Q: 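Input: one structure, supplied below.
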Amino acid sequence: MTDRYEPREIELRWQARWAESGLYQTPDQVPGRENWYALTMFPYTSGDLHVGHWFTMAPSDALARWRRMSGYNVLFPMGFDAFGMPAENAAIKGGMHPQDWTNANIERMRGQLQSMGAMFDWSRELYASSPEYYRWTQWWFLQMVRLGLAYRAKAAANWCPSCQTVLANEQVSDGNCERCDTAVVQRSMEQWFLRTTQYAEELLHNEHLDWPEHVKVMQRNWIGRSEGAEVAFALESPTADGSTEVRVFTTRPDTLHGVTFMVLAPEHALVSQLVTAEQRVAVEAYVETASYETDIERQSTEREKTGVFTGAYCVNRLTGRRVPIWVADYVLVTYGTGAVMAVPAHDERDFAFAQKYALPIEVVIAPPDWDGAPLDAAYTAPGNMVHSQQFDGMTSTDAKGAITRYLDEQSWGHATIVYRLRDWLVSRQRYWGAPIPMIYCEACGLVPVPEDQLPVLLPYDVEFLPTGESPLARSEAFVNVDCPRCGAAARRETDTMDTFMCSSWYFMRYADAHNASAALSSEAARAWLPVDQYTGGAEHATMHLLYARFFYKMARDAGVVSGDEPFTRYFAQGQILGPDGRRMSKSRGNVIAPDSQVERWGADTFRAYLMFLGPWEQGGPYDVDGIVGISRWLHRVWSVATDPPTFADAPDSPETRELRALVHRTIAKVTDDLGRYRMNTMVSALMELTNALQRARDESAHQPVDRAAWVEALDTLALLIAPACPHIAEELWARAGHEYSVHQQSWPIADPALLRRLSVEIPVQVDGRVRERVEVPAEATAAEVRALAEALPKVAELLAGREVARVVYVPGRLLNLVLR
RNA sequence: GCCGAAGUGGCGGAAUGGCAGACGCGGCGGUCUCAAAAACCGUUGAGGGGAAACCCUCGUGCGGGUUCGACCCCCGCCUUCGGCACCA
């Protein structure tokens, strides 16, 4: 057996054998094995698998394979995130139907995924755009309607003028559309929302999850809990619609006596009610201007604050003081009550605004050593209360609670908690998504589509050009329907669902992918959920990963799953960059096509190289020259496995023991590294073992190798490389005469007796500097090691005439002689 | 501005209180070849000393500190990358 290592020949052959023997089909239960659910994020059907997909999936596959060899019944499924606007946009550009475009991409990408040689269980494959899947996405929507978690409301929504649809808050980044980077504007529209805020407090508590800390922090910041008080100020004169108060949220009830004006968001409902006749023209012009501004313009902290006086006043009940009401676009209608009390002395924004418009600034918390002079900047730190009636003299920290209690007693306000998180806006005015299963009836109002009438099929034959209205609205056949309740003519909802709805539960469906009578059975849920190990990019921290957590809690409350969290462990890999260290993109011309790498080097080499690049969580540039190192290594593996040394029968020789010790140390190291997601050092350790085997083989003419130890070493090497390089491992395993398959073998266990070294080389330090080395028995005492060290001529010389003040001996590691 | 992560040879990185630079790329020298490429072998942090085996000094973003001993822990900065950003 001296033939060359031909990766592609081996890989295609074994991939075919694995598929034909059903090696990766995972039953729901296997006697004597615990289930382990490993999942990597399913790809969007963009048309081509890129290096980033491989960078997430190949190491995830290695981890799944390792769990499988460690005795688990491992589910590692794959599917496609097949709904979404890019399909529609690409289809429009290319003149193709989104469905045909998507299906063609799925075919192509499935083939690319299969070239990876991953242990995906294709029998559970799903894609979000199939009626068998979105039927249940619609079903979930109905559960949320039932639970009061889905509602329709008119609200200011993020509108992307390019995508011609609204977007969820999470899908706006720096005021731009997450997908196309167009500046988002606010539009007031009737939309469907999911009540994510109902779970805000529960979602906030993610501390116990085995997730990267920075992702958990991002989620907590996104949810943004603030404790404070809601305070009602009395309007001086009631409005035409009968409003008598304006309510504000503040985290600083201690500054309530310093309120000198009030600010409403331009979109606040009271603005048009309370504006006086003299101010109406100015206010309406201001509100109009604000409505055309993009989020980036409005939310720039650099921009000078602007505002307009409404002419109206309210009363601070605490002081009886008359407070002018302004409108300003730095106040957001979507946070708190959409109105703020302005305390310029103790808030930087209010201070700037007061200065610009010459509004009074009144100190109610004394800065340290304050002499009563006007402030030249807002004082925002704690201090002692002044000009605050009965609260004078308290610390501001104490006054927060005291004033809130007082407000409560007087029924002027109460303590409250406000979240930054908003309800999830899920309706989209686009074609390529799951239709929202609701019907509008003149007589009955909003009627859910009965569950037995699902799915509401997305019609194929539709003009899908975006117009700002759902293309489904122009399909008479789709829109016209009889009311399920009264039978009268009615109209279907024509908006479709945000694709994040589809991706919020796909991991549940894998557990029971072909169930035609339920989203998933309770047995399947019990068998597989929650996901034991999830992997994917942290760019989803406040989108997919947050939505999925919400969805799972909803599924729990709907009685479908038990448990509170969908992903027990989650690991966020870094991002793979182009060779130039920048994001890969076609326009930069720095894209590495995985297919070409596989073609040139083989899948095993490419997989191992992606793991070897560096720490997985870090990512980094793809160095096209570096991969040759992995290729050389696998050729060396091939060489040691197929070209044996000169053998001897010497089970007890020092060389045999040394070889076996290295093998077992490598087992321990590789196992530990996999447990800590350190695939880069795992590959290094495997290289070291290979190099040692090669050296032993090359020297075996003079120093023959014990046959049994050699066989143990080669078998172990095949088992240890199986997770990273499944094809060459399988080939070598078969060539060694073992039974199919290496991937069904037990993971090797390191023998502790062999891990112990008999003797160790200890560095001898004098005053912290290494001066010599000495070979000592592993269990030597400090005194013994010191005696051996001091006997060394060089050490003796350094110690001559000096006194050893202290001896530090770290067993097996180092000796340090500290001189006086 | 706030929150988080990270700064180590020419490059990717290793070592989480104990021999800094494992493993790999690249470079240099060699084998093979008419030659080149590939492959394989050797060598490779910087500076200095020695004919040589070797020896000495410096060295993990910067400045301090703790310790017998610090890439690692503590304090103060600088830089880079991510996230959030008028959230009342």
Side-chain angles (χ1 to χ4, degrees), chain A residues 4 173-175 212-222 224-226 228 248-252 255 263 265 298-303 305 328-332 334-343 346-350 352-353 418-422 538-539 541-542 572 574-575 581 608-609 612-615 617-633 635-636 639 678 680-691 694 698 761-773 794 804-819:
Chain A
R4 273 176 52 82
S173 169
D174 288 334
E213 203 52 44
H214 71 276
V215 173
K216 294 197 280 187
V217 168
M218 265 193 256
Q219 287 199 345
R220 291 199 288 264
N221 291 343
W222 186 260
R225 182 185 203 266
S226 288
V248 301
F249 171 72
T250 179
T251 55
R252 295 294 303 273
T255 64
V263 189
R298 262 187 77 165
Q299 294 184 11
S300 164
T301 44
E302 267 100 84
R303 196 170 73 147
K305 294 185 190 347
D329 66 2
Y330 76 90
V331 175
L332 307 176
T334 46
Y335 185 76
T337 61
V340 301
M341 58 179 224
V343 186
H346 305 295
D347 182 282
E348 280 155 23
R349 296 153 303 184
D350 300 343
F353 196 84
V418 160
Y419 300 91
R420 211 191 76 118
L421 182 75
R422 322 228 175 119
E539 67 273 16
T542 56
Q575 197 177 39
Y609 183 51
F612 182 66
L613 276 178
E617 68 273 20
Q618 206 173 292
Y622 186 89
D623 176 8
V624 279
D625 296 321
I627 191 170
V628 71
I630 300 290
S631 179
R632 286 177 191 151
W633 166 53
H635 276 95
R636 286 201 298 280
S639 160
R678 303 296 297 266
N680 55 330
T681 51
M682 169 187 81
V683 173
S684 295
L686 291 167
M687 284 176 172
E688 285 181 76
L689 175 61
T690 311
N691 295 347
Q694 189 179 30
D698 292 348
E761 195 190 55
I762 294 286
V764 179
Q765 295 185 338
V766 178
D767 279 336
R769 284 175 181 281
V770 180
R771 299 295 182 180
E772 260 294 10
R773 276 152 231 287
K794 195 170 158 195
V804 175
R806 187 169 166 190
V807 178
V808 180
Y809 179 60
V810 184
R813 300 292 302 198
L814 146 156
L815 175 74
N816 188 10
L817 301 173
V818 185
L819 304 185

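Fair warning: this is a prediction, and the values are worked out from it, not measured in the lab. Chain identifiers are assigned alphabetically (A, B, ...) following the order of the sequence lines, protein sequences preceding nucleic acid strands; residue numbering begins at 1 within each chain.
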Q: Using the P atom as the point on both nucleotides, what is the distance between U79(B) and G61(B), in whole Å?
A: 16 Å
Q: Taking only side-chain N and O atoms of Arg632(A), does any of them lie within less than 4.0 angstrom of OP1 or OP2 on G24(B)?
A: no
Q: Which whole number of Å gives the distance between the P atom of C73(B) and that of U16(B)?
A: 12 Å
Q: Could you measure between the two C1' atoms, the one in G76(B) and the one in G17(B), and give it in whole Å?
A: 22 Å
Q: Between C77(B) and C23(B), how far apart are the two P atoms, rounded to whole Å?
A: 40 Å
Q: Using 30° and 60° as the class limits, which term best fits the ring planes of Tyr609(A) and Tyr622(A): parallel, tilted or perpendicular?
A: perpendicular
Q: With a cut-off of less than 4.0 Å, is there a side-chain N or O of Asn691(A) near OP1 or OP2 of A22(B)?
A: no
Q: Using a 3.5 Å cut-off on both pairing distances, which stems of three or more Watson-Crick or G-U pairs include RNA chain B?
A: B:1-7 with B:78-84, B:10-12 with B:23-25, B:26-31 with B:39-44, B:45-49 with B:54-58, B:61-65 with B:73-77
Q: Counting only side-chain heavy atoms from C-beta out, which of A14(B), G24(B), C19(B) sits nearest to Val770(A)?
A: C19(B)
Q: So, is Arg769(A) close to the A20(B) phosphate, meaning a side-chain N or O under 4.0 Å from OP1 or OP2?
A: no
Q: As a test of reading the structure: which of A88(B), A15(B), G13(B) is closest to the side chain of Asn680(A), going by heavy atoms?
A: G13(B)
Q: Please check the phosphate of C68(B) (OP1 and OP2 only) for any side-chain N or O of Gln765(A) closer than 4.0 Å.
A: no
Q: Inspect the contact between Glu213(A) and Arg220(A) and indicate whether a charged nitrogen and a carboxylate oxygen are less than 4.0 angstrom apart.
A: yes
Q: With P as the reference atom in both, quote the distance from C68(B) to G63(B) in angstrom, rounded to an integer.
A: 23 Å
Q: If only side-chain N and O atoms of Arg636(A) are considered, is one of them under 4.0 Å from the OP1 or OP2 phosphate oxygen of C23(B)?
A: no
Q: Phosphate oxygens OP1/OP2 of C56(B): is one of them under 4.0 Å from a side-chain N or O of Lys794(A)?
A: yes
Q: Does a nitrogen or oxygen in the side chain of Gln694(A) sit under 4.0 Å from OP1 or OP2 of C41(B)?
A: yes
Q: When the C1' atoms of U60(B) and A70(B) are considered, how many whole Å apart are they?
A: 11 Å
Q: For U16(B) and Arg678(A) - does any side-chain N or O of the residue sit under 4.0 Å from the phosphate oxygens OP1/OP2?
A: no
Q: Check whether any side-chain nitrogen or oxygen of Ser684(A) sits under 4.0 Å from OP1 or OP2 of G24(B), and answer yes or no.
A: no
Q: Quick one: is C55(B) close enough that its OP1 or OP2 comes under 4.0 Å of any side-chain N or O from Arg771(A)?
A: no
Q: Quick one: is Arg252(A) getting a side-chain N or O under 4.0 Å of the A88(B) phosphate, OP1 or OP2?
A: no
Q: Which part of the nucleic acid does Asp625(A) contact within heavy-atom distance under 4.0 Å: base, sugar-phosphate only, or nothing?
A: sugar-phosphate
Q: Taking atom P in both A52(B) and A37(B), compute the distance separating them and give it to the nearest angstrom.
A: 32 Å
Q: On a whole-Å scale, what distance lies between the P atoms belonging to G29(B) and U80(B)?
A: 39 Å
Q: At a heavy-atom distance below 4.0 Å, what parts of residues 334-343 of chain A sit against RNA chain B?
A: Tyr335(A), Val340(A)
